[in-house]
Amino acid sequence: MYEMCVGPEKVGGALVWHVMAKQAAATLCGQRLRERIEASDGERARHCPDCMASFEKLMAATPC
């Protein structure tokens, strides 16, 4: 399972929506989100392009 988490695109950058596997230490783009940010703070945030590209590849892959 995956979840969407709000966090900075880069350290100190604008907020974006990242994709993170449940119980993972990092997002699909490799960022470690240091603090939990309320989803309402990211209402107008765009999606992280690197996370979305990785998620697209995961969803297109053939199951084992």
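Numbers here simply count residues along the sequence, with the first being 1. Note: hydrogens, waters and symmetry copies are ignored here, and every other heavy atom, side chains too, is used.
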> Does a side-chain heavy-atom distance below 4.5 Å link D50 with T27?
Replying inline: no
> Rounded to the nearest 0.5 Å, how far apart are CD of E43 and CD of E38?
Replying inline: 11.0 Å
> Please, which pairs that meet salt bridge (Lys or Arg N to Asp or Glu O under 4.0 Å) have at least one residue in residues 6-29, sequence neighbours excluded?
Replying inline: E3-K22, E9-R46
>> Quick check: do M4 and M20 have side-chain heavy atoms less than 4.5 Å from each other?
In response: no
> In the hydrophobic clustering (ILVMFWY, side-chain contacts below 4.5 Å, transitive), which residues join V16, or is it alone?
Replying inline: none
>> Could you check whether any side-chain heavy atom of L33 comes within less than 4.5 Å of a side-chain heavy atom of H18, counting everything from C-beta outward?
In response: yes
> Between Y2 and L58, which heavy-atom pair has the shortest distance, and what is it?
Replying inline: OH-CD1, 3.2 Å
> Which pair of heavy atoms, one from V19 and one from M52, lies closest together, and at what distance?
Replying inline: CG2-SD, 3.9 Å
> Nearest heavy-atom pair of A26 and R32: which atoms, and what distance?
Replying inline: CB-CG, 4.2 Å
> What are the two closest non-hydrogen atoms of L15 and A45, and how far apart are they?
Replying inline: O-CB, 3.3 Å
>> For the backbone of C48 and the side chain of W17, can you confirm whether one donor and one acceptor N or O come within less than 3.5 Å of each other?
In response: no
